[in-house]
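The next block holds one structure in the form of structure tokens; read it before the comments.
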Amino acid sequence: MNQVWKKLSQSEIKERVFGALEENVNFFNEAIVGVPASHLDSKVFFSDASFLKDAPFLSSLIHNPNHIGCHTLGHSESFFSGTQAIEREVIEICAHDILKGEGEFDGYVASGGTEANMQACWIYRNYFKQEHGAKNEEIVILCSADSHYSMAKAANVLGIGIQKASIDENTRLVSHDTVSQAIREAQNKGAKYFIVVSNMMTTMFGSVDPINAYTDELDKAGVAYKVHIDGAYGGFFFPFSCPDIQNDFRNPKVNSVTLDAHKMVQAPYGTGIFLIRKGYMQYANTSEASYVEGEDSTLIGSRSGANAIAIWMILMTYGPHGWWEKIQVLLMRTNWLEKQLNEKGVKFYRNPWSNIITIRAEHVPHELAHDYVLVPDNHQDPSWYKIVVMEHVTIERLIPVVAGITA
Ligand SMILES: *Cc1c(COP(=O)(O)O)cnc(C)c1O
């Protein structure tokens with residue numbers, strides 16, 4: 001498979017984005033009278049400001065392409081074919097170059113990790129219903145006690161069950177035993193079909209579920225299941241930090257993945273990415289979406305094409321090697337922080353391939369947490385506070401935090 005992801009110069013990026021906008025319909029100078037869509041309000045957002053010719057992202061916002069629908073499948077709304085091609089490239093880079101998938105994938109830029117996780121559960125719920133004649137009450141989301149709350153939302157909205165496997169308080173990981181116990185518990189409540197959502201870095205701890213614990217135990221139980229990876233936090237981090245990754249698309253049991261570009265990638269909000277192997281997106285198709293060319297297999301409906309362009313611009317500015325280096329810097333800073341905490345004798349959790357350090361609340365004075373905005377696991381009754389080593393979290397900024405943490 002040819003690598004699509006490569007570093008581009010600023011002028012190459014500009015040329016590609018403006019070229020794509022050119023291929024879209026242009027509400028400024030074409031007679032387009034049949035759609036409830038236009039450029040941004042020009043009384044408020046000036047379209048002729050001179051700096052815009054050097055600002056491909058801002059220009060995309062002003063042109064305001066609508067990327068409604070899924071553009072890796074069949075045909076799509078022809079008005080915005082230029083920028084949809086950029087979105088397809090983002091999907092290809094994420095599925096092939098980052099998550100090492102072979103073959104073909106579908107996907108789209110969702111509003112965030114919540115939507116992408118829900119899209120996965122929606123597809124698999126419909127898959128089990130259509131292919132296995134499952135009833136809603138026989139379908140259950142199986143995830144870890146540290147999973148993101150979007151799984152609870154998905155279960156609630158989709159009218160299916162949720163069963164959490166318990167985790168070890170120190171390793172924050174599920175085990176074969178706790179997964180097997182969770183499967184039995186779910187079966188006792190009538191579950192026959194399992195939607196696994198396995199974490200590639202949890203929000204609070206940066207922990208990564210041992211995916212084999214799920215797949216081994218479900219195989220042993222002989223039940224039907226599908227595996228989705230929640231990489232909303234870790235999808236642009238873990239593949240670059242961990243030398244021995246088990247949960248990307250090289251694992252044939254991984255069927256779909258969520259990535260968020262608005263966390264580690266620093267893209268604007270509204271940039272969750274949903275990726276799935278070919279042949280499944282159709283289970284979420286709404287054929288009633290008949291006014292949309294190519295219909296709609298996404299949860300969201302109308303969405304900004306500028307979001308896909310933002311992700312593409314960031315990935316192409318760094319290129320794969322530049323991105324790897326960026327992640328290494330964050331890892332090294334986190335190593336520095338870990339060493340300081342060890343020297344102080346502070347109790348904390350860290351996955352060695354992550355940039356999150358989660359500290360036992362007993363070491364964190366209230367005022368320190370408040371002043372430096374350390375996020376608790378629970379605002380009412382915190383047991384843990386986390387430090388997330390993002391780009392702006394330099395060692396200089398960490399020094400006073402370390403000084404305030406008590407042994
Ligand atoms: C942030 C996060 C989500 C939800 O993502 P949003 O983009 O906020 O909707 C889901 N899962 C994990 C692990 C996350 O860290």
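Each ligand, and each atom within it, is numbered from 1 in the order the structure gives.
- An N or O contact shorter than 3.5 Å is missing between Met201 and ligand 1 by distance.
- In this structure, the protein non-hydrogen atom closest to atom 9 (O) of ligand 1 is Thr114 OG1, 2.6 Å.
- Counting only heavy atoms of the protein, atom 6 (P) of ligand 1 lies nearest to Gly113 N, 3.4 Å.
- The option from Thr203, Asn117, Asp230 that lies nearest to atom 11 (N) of ligand 1, judged by heavy atoms, is Asp230.
- Between the Arg277 side chain and the Phe249 main chain, a donor and an acceptor come within less than 3.5 Å of each other.
- Ligand 1 has a nitrogen or oxygen under 3.5 angstrom from a nitrogen or oxygen of His262.
- Nearest to atom 1 (C) of ligand 1 among the protein's heavy atoms is Lys263 NZ, 1.2 Å.
- Within the listing of ligand 1, atoms 2 (C), 3 (C), 10 (C), 11 (N), 12 (C), 14 (C) sit less than 4.0 angstrom from a heavy atom of Ala232.
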Evaluation steps, salt bridge (Lys or Arg N to Asp or Glu O under 4.0 Å), between Lys189 and Glu137: CA-CA 9 Å; Lys189 289 182 265 180; Glu137 53 274 23; over 6 Å; no
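- For Thr203 and His148, the side-chain atoms include no donor-acceptor pair closer than 3.5 Å.
- Residue contact check: Gly112 has heavy atoms under 4.0 Å from atoms 7 (O), 9 (O) of ligand 1.
- Under 4.0 Å from ligand 1, the heavy atoms of Asp260 that appear belong solely to its side chain.
- Partner of Tyr280 under the ring-ring contact (aromatic ring centres under 6.0 Å, His included) criterion, out of Trp122, Tyr127, Phe274: Tyr127 alone.
- With hydrogens and angles left out, the side-chain atoms of Gln181 and Thr178 include no donor and acceptor closer than 3.5 Å.
- Asp219 and Tyr225 share a donor-acceptor pair across their side chains, judged by distance under 3.5 Å alone.
- For an aromatic pair to be called close, the ring centres must be under 6.0 Å apart, and His366 with His370 fails this.
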